[in-house]
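Step one of this worksheet: look at the structure below.
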Amino acid sequence: MTNPFPRSLSRRALLGLAAGAAASTGLLTHLRRAAAQVSVPDTVRIGYQRSSTLVALLKANGELEKALEPLGVKVTWHEFTSGLPLLEALNLGKIDLSADVADTVPVFAQAAGAKLVFFAEEAPSPSAQAILVPEGSKIASVADLKGRKVAVTKGAGSHYLLLAALAKAGLAFKDIEPAYLTPADGRAAFVGGNVDAWVAWDPFLATTQAQSKARILADGSNGLASYKRYYLGSEDFTRNGGKVVAVLFDQLKAKGDWVKANPKEAAAQLASLWNIDAAAVEVANGRRSYKVGAVTKDGLAEQQKIADAFLREGLLPKAVDTGAVSIWQPAG
């Protein structure tokens, strides 16, 4: 057999080279492991709002913290009044991941130049938001809202529902008098008789119906507004903290399945957290899909319709290409 090594290489030299190679391989493995460990952040800051059902349950039960323990990751929680300020905080780097926001909210964030990543979605829940009028109101149709004062949360999914409903009735946004209010302030104005109608989403919708006998004028059914909810993250965090995102994705999916399989227990837990009636929560949960899944480009199709509708009404500062976004995908 031909010797593959030059005669000038001694056995000792060969052993030295072999040892060096082994050491280098061991060092490389160590560096790779260290890099992998460094890539997992030690803390994840999660923003949420009152209607963030699945995140509220994970937070209350400490389930996410337990699931992240093997990665050595801590969780801090940050509550916001609605989706728009939540994504503003995400864009400014004040939080890392966002609980669910309505489909309209990322459109406004994109218009403001935010660099966001979609990492999960909830399937459509068109009846989980609606235009409400008082029980004894003479307003019988959306067309009757012309010249009326309507409370709505700017940038929320309910905002697009209002636009779509008005357009279907042959009205423009300028045909009404909008009152931009947070959900809590909108409810107070509605119950106090200071507005003629209020566009709300669950659980605010269900609790107000139960307490004031308010009447639904229109919801998102029949193709008016599908009302999907999205979970988003910052570019930096989703790039470096993919393992954390994967854990949260799995936890959200499992919790969504649990809520639908255990409606009364879920309602009881949420009623305690939100300090509202369990029966109203169960009604609200019945109108939400809570079916968590991966985001796809095709699944974002309605986003462009939403952006174009807001642009036509002068509610966006510029045109938005809603397809120009980043999407995180779970393994497999």
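Numbering starts at 1 and runs along the sequence shown.
- Expressed to the nearest 0.5 Å, how far CD of Glu265 lies from CG of Leu270 amounts to 10.5 Å.
- Of the possible polar contacts, none joining the Thr153 side chain to the Ala156 backbone as a donor-acceptor pair under 3.5 Å is found.
- Between Arg50 and Glu79 there is no salt bridge, since none of the side-chain N atoms of the basic residue sits less than 4.0 Å from a carboxylate O of the acidic one.
- The pair Asp103-Lys228 fails the salt-bridge criterion, with no side-chain N (NZ, NE, NH1 or NH2) lying under 4.0 Å from an Asp/Glu carboxylate O.
- Atom NZ of Lys74 is surrounded by 12 or fewer heavy atoms from other residues, nucleotides or ligands within 6.0 Å.
- Residues Leu97 and Leu90 come closest through the heavy atom pair N-CD1, 3.8 Å.
- The pair Arg288-Asp100 meets the salt-bridge criterion, with a side-chain N (NZ, NE, NH1 or NH2) lying under 4.0 Å from an Asp/Glu carboxylate O.
- Ring planes of Phe108 and His159: parallel class, angle under 30° (limits at 30 and 60°).
- Ring geometry for Tyr231 against Phe119 counts as tilted: the plane angle lies between 30° and 60°, on a 0 to 90° scale.
- Counting non-hydrogen atoms of neighbouring residues, nucleotides and ligands closer than 6.0 angstrom, the NZ atom of Lys115 reaches no more than 12 such neighbours.
- Cation-pi check for Lys154 over Tyr180 is met; the charged atom lies under 6.0 angstrom from the ring centroid and within 45 degrees of its normal.
- For Trp77, the side-chain hydrogen bond (donor to acceptor under 3.5 Å, both in side chains) partners at least two apart in sequence or on another chain are Glu65.
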Discussion item. Apply salt bridge (Lys or Arg N to Asp or Glu O under 4.0 Å) to residues Glu135 and Arg215 and explain how you reach the verdict.
Written reply: CA-CA 5 Å; Glu135 183 182 22; Arg215 176 165 49 87; over 6 Å; no

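- Here the closest heavy-atom approach between residue Gly242 and residue Trp328 is recorded as O-CZ2, 4.0 Å.
- Here Asp175 does not pair with Lys146 in a salt bridge; the nearest charged N to carboxylate O distance is not below 4.0 Å.
- A donor-acceptor pair is defined here as one N or O able to donate and one able to accept, closer than 3.5 Å; no such pair exists between the side chain of Ser212 and the backbone of Gln209.
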Worksheet entry | Pair Asp196-Val133, side-chain contact (heavy atoms from CB on, under 4.5 Å): steps then yes or no | CA-CA 7 Å; Asp196 299 299; Val133 293; over 6 Å; no

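- For Asp321, the CG atom is densely surrounded, since the number of other residues' heavy atoms within 6.0 Å is greater than 12.
- Partner of Trp198 under the side-chain contact (heavy atoms from CB on, under 4.5 Å) criterion, out of Val152, Val150, Thr208, Ile131: Thr208 alone.
- Pro330 approaches Ala294 most closely through the heavy-atom pair CD-CB, 3.8 Å.
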Discussion item. Does Ser289 form a side-chain hydrogen bond (donor to acceptor under 3.5 Å, both in side chains) with Glu122? I'd like the steps, not just the answer.
Written reply: CA-CA 7 Å; Ser289 73; Glu122 288 182 19; 4.8 Å; no

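- Of the options Leu71, Val247, Val244, Thr76, a side-chain contact (heavy atoms from CB on, under 4.5 Å) to Val44 is made by Val244 and by none of the others.
- Using a distance-only test at 3.5 Å, with no hydrogens or angles considered, no donor-acceptor pair links the side chain of Ser125 to the main chain of Ala128.
- Rounding to the nearest 0.5 Å places CG of Leu205 at 8.5 Å from OG of Ser127.
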